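Below is one structure, written out as structure tokens; the observations come after it.
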Amino acid sequence: MRVIVRVTEKITSEAHINIPDGLSESGIRQHIVDRYNSGEMLTDMNIFQVDFESISALVVKQAGESL
């Protein structure tokens with residue numbers, strides 16, 4: 001018997017990064033977005049929390065098999 005199991009989780013990641021001094025609030029936001037979009041922040045990201053949301057299973061009938 002073949003079963004496809006799907007688990008949905010919400011993963012929260014956290015990074016501790018240095019921000020240049022003297023930036024405005026919008027400048028800080030832009031700095032963070034730019035680092036994230038460029039992929040630079042990915043090396044700093046650590047899984048902080050994982051929340052289980054759901055699990056489901058689908059039984060797949062294969063040729064010659066009865067359920």
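This structure is a prediction, so every number in the text was calculated from the model and none was measured.
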Practice prompt. Grab the two heavy atoms, one from Gln30 and one from Asp34, that are nearest each other, plus how far apart they are.
Written response: NE2-OD1, 2.7 Å

Item to complete: Check whether any side-chain heavy atom of Asp44 sits under 4.5 Å from a side-chain heavy atom of Arg35, and report yes or no.
Response: yes

Practice prompt. Could you state whether Met1 and Ile55 fall into the same hydrophobic cluster, counting links through intermediate Ile, Leu, Val, Met, Phe, Trp or Tyr residues with side-chain heavy atoms under 4.5 angstrom apart?
Written response: yes

Practice prompt. Examine Phe52 and Val5 and state if one hydrophobic cluster contains both, with Ile, Leu, Val, Met, Phe, Trp and Tyr joined whenever side-chain heavy atoms are less than 4.5 Å apart.
Written response: yes

Worksheet item: Are Val7 and Val3 connected in a single hydrophobic cluster, I mean Ile/Leu/Val/Met/Phe/Trp/Tyr linked by side-chain heavy atoms less than 4.5 Å apart?
Response: yes

Worksheet, complete the sentence: Interatomic distance, OG@Ser24 vs NE2@His31, rounded to 0.5 Å, equals 12.5 Å

Discussion item. Quick check for you: to the nearest 0.5 Å, what is the distance between Ile17 atom CD1 and Met45 atom CE?
Written reply: 9.0 Å

Worksheet entry | Gap separating the NZ atom of Lys10 from the CD atom of Gln49, nearest 0.5 angstrom | 7.5 Å

Worksheet item: Should we say atom CG of Asn37 is surrounded by more than 12 heavy atoms from elsewhere, each under 6.0 Å from it?
Response: yes

Worksheet entry | Hydrophobic cluster identity match, Tyr36 and Ile11, side-chain contacts under 4.5 Å | no

Worksheet item: Would you say the side chain of Arg6 lies within less than 4.5 Å of the side chain of Leu58, judging by non-hydrogen atoms?
Response: no

Worksheet entry | From CD1 (Ile32) to CE (Met41), nearest 0.5 Å | 6.5 Å

Item to complete: Could you tell me whether Glu53 atom CD has more than 12 heavy atoms of other residues or ligands within 6.0 Å of it?
Response: yes

